[in-house]
Amino acid sequence: IFLKKISLPTHKHPQKTPQYNFIQMAMPGGVSQVKDVAGDELVISTTTALKGDVEKALGKSFTTFEPVKYTSQVVNGLNYQIKIKVDEGYVHAKAHRAPGENGTVTFKEAAGGKTLEDGF
């Protein structure tokens with residue numbers, strides 16, 4: 001988070017002191033806020049690449065496997081935590097995507113039995 005100082009004109013607001021606006025920027029190593037997938041093709045393709053590993057880790061097969069929310073962390077590539085809608089509820093999956101649009105996806109872990117409201 002960065003601060004940007006803005007000054008208000010003194011002739012209009014003589015009693016006011018400078019105000020500060022918070023500007024949110026992606027910081028290497030910092031985890032993003034939870035975001036909606038909303039057509040993000042990189043998250044969708046990452047989720048698709050994870051399906052077999054998630055099914056194997058949880059010992060289940062899923063007909064429905066749709067990402068709905070995620071966080072990302074800029075490292076040498078991207079670390080993702082993805083909330084995935086499955087047949088009965090939600091799954092949380094963690095993965096790393098190597099740099100570049102076609103970067104290799106590496107499965108880290110998965111947890112089943114989640115709800116839409118559960119945090120990561």
By side chain to side chain donor-acceptor pair (under 3.5 Å) - contacts of [X] (at least two apart):
X	answer
Lys69	Asp36
Thr104	none
Tyr70	Asp40
Asn79	Gln73, His96

Nearest heavy-atom neighbours spanning [X] and [Y]:
X	Y	value
Leu58	Gly112	CD2-N, 3.8 Å
Leu116	Tyr90	N-CD1, 3.5 Å
Pro99	Asn76	CG-OD1, 3.3 Å

For residues 111-120, which residue pairs qualify under salt bridge (charged side-chain N to carboxylate O under 4.0 Å, His left out), counting only residues two or more places apart or in two chains? none
Please list, chain by chain and in numerical order, all residues satisfying side chain to side chain contact (heavy atoms under 4.5 Å, CB included) with Thr63, sequence neighbours excluded.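 Applying side chain to side chain contact (heavy atoms under 4.5 Å, CB included) to Thr63 gives Asp87.
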Pairs where residues 99-120 contributes a residue and the test ring pair (Phe, Tyr, Trp, His ring centres under 6.0 Å) is met, not counting sequence neighbours: His92-Phe120
Where at least one partner belongs to residues 31-61, residue pairs that pass ring pair (Phe, Tyr, Trp, His ring centres under 6.0 Å), sequence neighbours excluded: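 Listed by first then second residue: nothing to list.
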Checking Thr47 side chain against Pro67 main chain: does a donor-acceptor pair fall under 3.5 Å? no
Expected output: side-chain Lys83 to main-chain Thr115 donor-acceptor under 3.5 Å: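 Flag set: sc Lys83 to bb Thr115 pair under 3.5 Å.
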Look at the side-chain heavy atoms of Ile, Leu, Val, Met, Phe, Trp and Tyr, link any pair under 4.5 Å apart, and say whether Val54 and Val86 land in one connected group.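 Same cluster: Val54 reaches Val86 through Ile, Leu, Val, Met, Phe, Trp or Tyr contacts under 4.5 Å.
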If hydrophobic clusters are built by linking Ile, Leu, Val, Met, Phe, Trp and Tyr wherever their side-chain heavy atoms come under 4.5 Å apart, do Val68 and Val91 end up in the same one?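 No, Val68 and Val91 fall in different hydrophobic clusters.
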Quick one: salt bridge (Lys or Arg N to Asp or Glu O under 4.0 Å) partners of Glu55, sequence neighbours excluded?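 By the salt bridge (Lys or Arg N to Asp or Glu O under 4.0 Å) rule, Glu55 matches Lys51.
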Measure the shortest side-chain to side-chain distance between Thr64 and Glu66 over non-hydrogen atoms and say whether it is less than 4.5 angstrom. yes
Are Phe65 and Thr48 packed together at the side-chain level, in the sense that at least one heavy-atom pair is separated by less than 4.5 angstrom?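 No. Closest side-chain heavy atoms not under 4.5 Å.
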Tell me whether the count of non-hydrogen atoms from other residues, nucleotides or ligands lying under 6.0 Å of NZ in Lys94 goes above 12.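 Not buried by this count: 12 neighbours or fewer within 6.0 Å.
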Working to the nearest 0.5 Å, report the span between OG1 of Thr46 and CG of Leu78.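 Taking OG1 in Thr46 and CG in Leu78, the distance rounds to 8.0 Å.
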Do Arg97 and Thr106 meet the criterion of a side-chain donor-acceptor pair at a distance under 3.5 Å? no
